[in-house]
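Just below is one structure, and these are the notes that go with it.
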2 protein chains.
Amino acid sequence: MPSSRRVTLKEVARQAGVSYQTVSKLLNGQVRLLPETEARIREAVDRLGYRPLYPARSLRSRTSRTLGYSWTPATPDSPNQILDLLLQSMLSAAEASDYHLLCFAHHFDVRRELETYLTLYETRRVDGFILSSVEYDDPRILFLLEREIPFVAFGRSNPELQFPCIDVDGCEGLRMVVNHLLESGHRRIAVLAWPETSRVGNNRLEGYLQAMHSAGLEPDSLWIQRGEGQVAFGEEATRRLLNLPPERRPTAIAALNDLMAFGALRAAQQSGLHVGSDIAIAGFDDTPAARYVHPPLTSVRQPIWQIGQQLIAMLLEVLNHAYTSPPECVLLAPELIVRASTSPEASE
Amino acid sequence: MPSSRRVTLKEVARQAGVSYQTVSKLLNGQVRLLPETEARIREAVDRLGYRPLYPARSLRSRTSRTLGYSWTPATPDSPNQILDLLLQSMLSAAEASDYHLLCFAHHFDVRRELETYLTLYETRRVDGFILSSVEYDDPRILFLLEREIPFVAFGRSNPELQFPCIDVDGCEGLRMVVNHLLESGHRRIAVLAWPETSRVGNNRLEGYLQAMHSAGLEPDSLWIQRGEGQVAFGEEATRRLLNLPPERRPTAIAALNDLMAFGALRAAQQSGLHVGSDIAIAGFDDTPAARYVHPPLTSVRQPIWQIGQQLIAMLLEVLNHAYTSPPECVLLAPELIVRASTSPEASE
DNA sequence: ACAATCAATGCGAACGTTCGCACGAACGTT
DNA sequence: AACGTTCGTGCGAACGTTCGCATTGATTGT
């Protein structure tokens with residue numbers, strides 16, 4: 001009669017008639033046994049439903065098979081539209097390698113934030129970290145590099161620092177938008193941009209400039225409107241653009257995010273323009289709402305699933321010391337989703 | 001010269017001149033020492049930067065101080081708008097009690113899903129679970145109850161099952177919406193609802209019916225439109241409503257979620273109506289987009305932060321066996337956010 | 001035919017903590 | 001003066017696994 005006590009290696013070994021260390025080695029693939037011995041052990045494992053106790057394994061093996069992740073909380077003004085997908089992607093990738101994800105709270109106080117990372121690592125709750133929302137001079141990067149704590153980052157930081165990193169090629173994304181607008185016949189294309197301090201913003205803006213120059217066009221300085229990236233700014237900047245004299249007035253507007261594009265949509269409609277035919281408007285990020293506004297918004301979708309998968313794969317490589325060459329930043333191309341706001345005949 | 005080896009209890013104890021078990025007991029608050037002894041120990045702890053190794057502690061104490069959470073991934077059709085806030089809330093509550101959150105992937109295959117919960121618990125990776133997206137006959141509920149695995153749920157299940165649970169009072173939410181519309185003078189109020197199989201939907205719909213009856217109104221059967229909760233359904237249902245003869249045609253529409261309300265908004269505008277004055281439209285969930293559509297959408301906001309805090313608090317109570325009476329379901333009242341879609345003079 | 005190799009398994013130790021009880025000293029009580 | 005009590009601390013054991021080396025018997029090469 002099986003008692004309800006937990007099934008340990010010793011119990012399995014007893015029933016299979018081997019030493020418990022042998023069972024451990026078999027399950028960890030560290031040894032090859034006689035087929036019949038192996039069969040006896042596996043039978044006992046299955047019959048008893050043995051599962052190795054995680055803290056015991058972790059104590060001895062000095063690894064937690066757990067990865068830490070923390071992210072900057074969203075505000076009502078900038079909801080985090082990708083968190084769900086990114087997490088699910090990382091979770092599935094981690095699970096496939098028998099790893100798990102430990103989430104922990106973000107702290108706006110930098111000292112406390114760094115302390116949290118260090119404690120999690122030193123108490124061996126996690127083997128390494130995934131960082132997101134990385135910016136220039138991100139204190140976490142230097143902190144972790146100095147202590148040789150394994151991590152990967154979603155987003156680039158200072159170019160002089162070398163660490164494994166994945167980022168979306170925002171430059172390429174805006175090139176795609178502008179080229180799409182050029183192909184539709186637009187020549188006077190404006191852009192709703194972020195302040196000059198934004199790394200992500202400058203990267204995307206660069207794509208606009210490159211695409212315009214490649215087409216032999218020199219953007220009017222007024223076509224580059226900078227603001228704080230909200231709906232309200234998109235609306236007022238668009239009104240300014242529409243008030244320009246006809247020969248300087250843009251026929252298309254590329255926004256660096258969907259929120260500003262939503263504002264542009266509203267301003268254009270209030271001016272009596274029919275978005276899609278009278279004027280083209282495109283966003284960036286492909287937020288859920290992009291499909292639901294009227295007309296549906298052309299936007300640039302980041303390959304979030306792929307990013308999650310690669311982040312985990314890279315971190316596991318770091319943990320296995322599988323890196324031969326110094327780690328570089330991997331750039332992934334985004335995808336242009338064409339909808340009716342730039343192309344009236346688009347299906348959506 | 002301190003080597004870079006990890007600092008253990010023994011090292012701290014040696015420097016403080018006590019046995020290492022005494023240090024452990026002090027740090028765990030299991031003993032009171034002479035003030036001077038305690039001071040010596042604390043000084044050594046601080047100086048060496050000692051932190052207890054989590055797997056060792058966990059192995060011996062038979063608890064992981066970790067809670068498991070998994071959620072149904074969003075689809076493009078129904079983005080998960082609350083995940084970020086809910087997670088942050090739970091993380092902060094857990095951290096305050098020195099707990100952590102382990103996230104794991106959702107499996108659509110039920111056997112695999114249940115197996116995942118069981119394995120996490122049996123391998124002692126987690127002490128208990130938080131469930132969300134709970135529905136009628138949720139297999140997880142029975143599975144966990146049978147095995148006496150601690151958990152709390154966000155959302156109600158079968159009334160005959162007793163377990164700790166938190167839910168938003170959707171019935172109350174819709175009463176608030178309808179009462180607000182009644183106060184604005186509306187009498188013919190329609191509702192965009194979910195299929196009859198939806199527990200959440202029926203709960204919210206009940207609030208509509210109660211509020212109407214309380215006002216002495218009997219809803220026309222055509223005013224209750226049921227569909228799959230998407231923008232497209234909201235749009236077509238609203239068109240049907242607007243095509244009713246004037247004396248049956250509703251002057252206000254309450255949708256059970258924001259997506260349907262967005263569809264209603266579009267349909268009304270395409271009919272040339274001015275939303276807010278000619279017709280009132282309200283949603284539910286207060287998704288981020290509710291603020292950005294035109295006109296801004298009146299909606300019902302769930303107290304997500306509070307829910308996260310309470311979920312963790314309840315689960316910790318379960319883990320501490322602090323429950324005296326059988327656990328009941330806690331209902332939290334949502335908040336009505338009035339915007340221009342029902343109230344032209346609203347600030348937003 | 002004899003040392004050298006190899007395959008299959010066993011064995012003691014260690015990982016760093018917490019648990020449970022024991023022990024001596026100081027204290028108050030009768 | 002003898003006796004329980006309480007306080008402060010120590011000690012051995014245990015939690016369940018993995019690590020590293022040892023051991024045994026069979027196989028190979030010369």
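Quantities reported herein were computed from a predicted structural model and do not represent experimental measurements. Letters A, B, ... are given to chains in the order of the sequence lines, protein chains preceding strands, and every chain is numbered from 1.
Scanning both residues, Asp98(A) and Arg65(A), for their nearest heavy atoms gives O-NE, 3.1 Å. The heavy-atom pair separating Cys329(B) from Ile166(B) by the smallest distance is SG-N, 4.3 Å.
Between Tyr117(A) and Phe143(A), the ring centre distance reaches or exceeds 6.0 Å.
With sequence neighbours excluded, the residues forming a side chain to side chain contact (heavy atoms under 4.5 Å, CB included) with Leu142(B) are Glu146(B), Leu161(B), listed by chain and number. Taking Arg112(A) as the reference, Glu95(B) meet the salt bridge (charged side-chain N to carboxylate O under 4.0 Å, His left out) condition, with sequence neighbours excluded.
Looking at Arg199(A), its side chain never comes within 3.5 Å of a backbone N or O of Glu135(A) through a donor-acceptor pair. Distance alone, capped at 3.5 Å, places no donor-acceptor pair between the Ser97(B) side chain and the Tyr99(B) backbone.
With contacts defined as side-chain heavy-atom distances shorter than 4.5 Å, the pair Phe154(A)/Asp167(A) qualifies.
Residue order along DNA chain D, read from the 5' end via each residue's closest nucleotide, puts Val18(B) first among Val18(B) and Arg57(A). Residue whose closest nucleotide on DNA chain C sits further toward the 5' end, between Lys25(B) and Gln21(A): Gln21(A).
Read 5' to 3', the first and last nucleotides of DNA chain C with an atom closer than 4.0 Å to a heavy atom of chain A are dA8(C) to dG16(C).
Residue-level contact check: Tyr54(B) touches neither bases nor backbone, having no heavy atom under 4.0 Å from any strand. Residue Thr8(A) is in sugar-phosphate contact alone, with no base atom involved, counting any heavy-atom pair closer than 4.0 Å across all strands shown. Within the nucleic acid shown, Leu9(B) comes within 4.0 Å of at least one base atom, counting heavy atoms only.
Contacts between residues 26-37 of chain A and DNA chain C, defined by a heavy-atom separation under 4.0 Å, are made by Val31(A), Arg32(A), Leu33(A), Leu34(A), Thr37(A).
In this structure, Thr22(B) reaches the dG10(D) phosphate: one of its side-chain N or O atoms is under 4.0 Å from OP1 or OP2.
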Practice problem: Fill in the dot-bracket string of DNA chain C, one character per base: . for unpaired, | for a pair to another strand, ( ) or [ ] for pairs within the strand, taking Watson-Crick or G-U pairs under 3.5 Å. | Solution: ||||||||||||||||||||||||||||||
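Distance CD/Gln30(B) to CD/Gln21(B): 12.0 Å, rounded to 0.5 Å.
Residue Arg32(A) places its CZ atom among 12 or fewer non-hydrogen atoms of other residues, nucleotides or ligands, all under 6.0 Å distant.
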Pairs of donor and acceptor atoms involving the side chains of residues 302-317 of chain B, under 3.5 Å and at least two apart or interchain, shall be tabulated with distances.
unit_1	atom_1	unit_2	atom_2	d
Gln302(B)	NE2	Asp285(B)	OD1	3.2
Gln309(B)	NE2	Ser89(B)	O	3.0
Gln309(B)	NE2	Ser89(B)	OG	3.4
Gln309(B)	NE2	Ser92(B)	OG	3.0

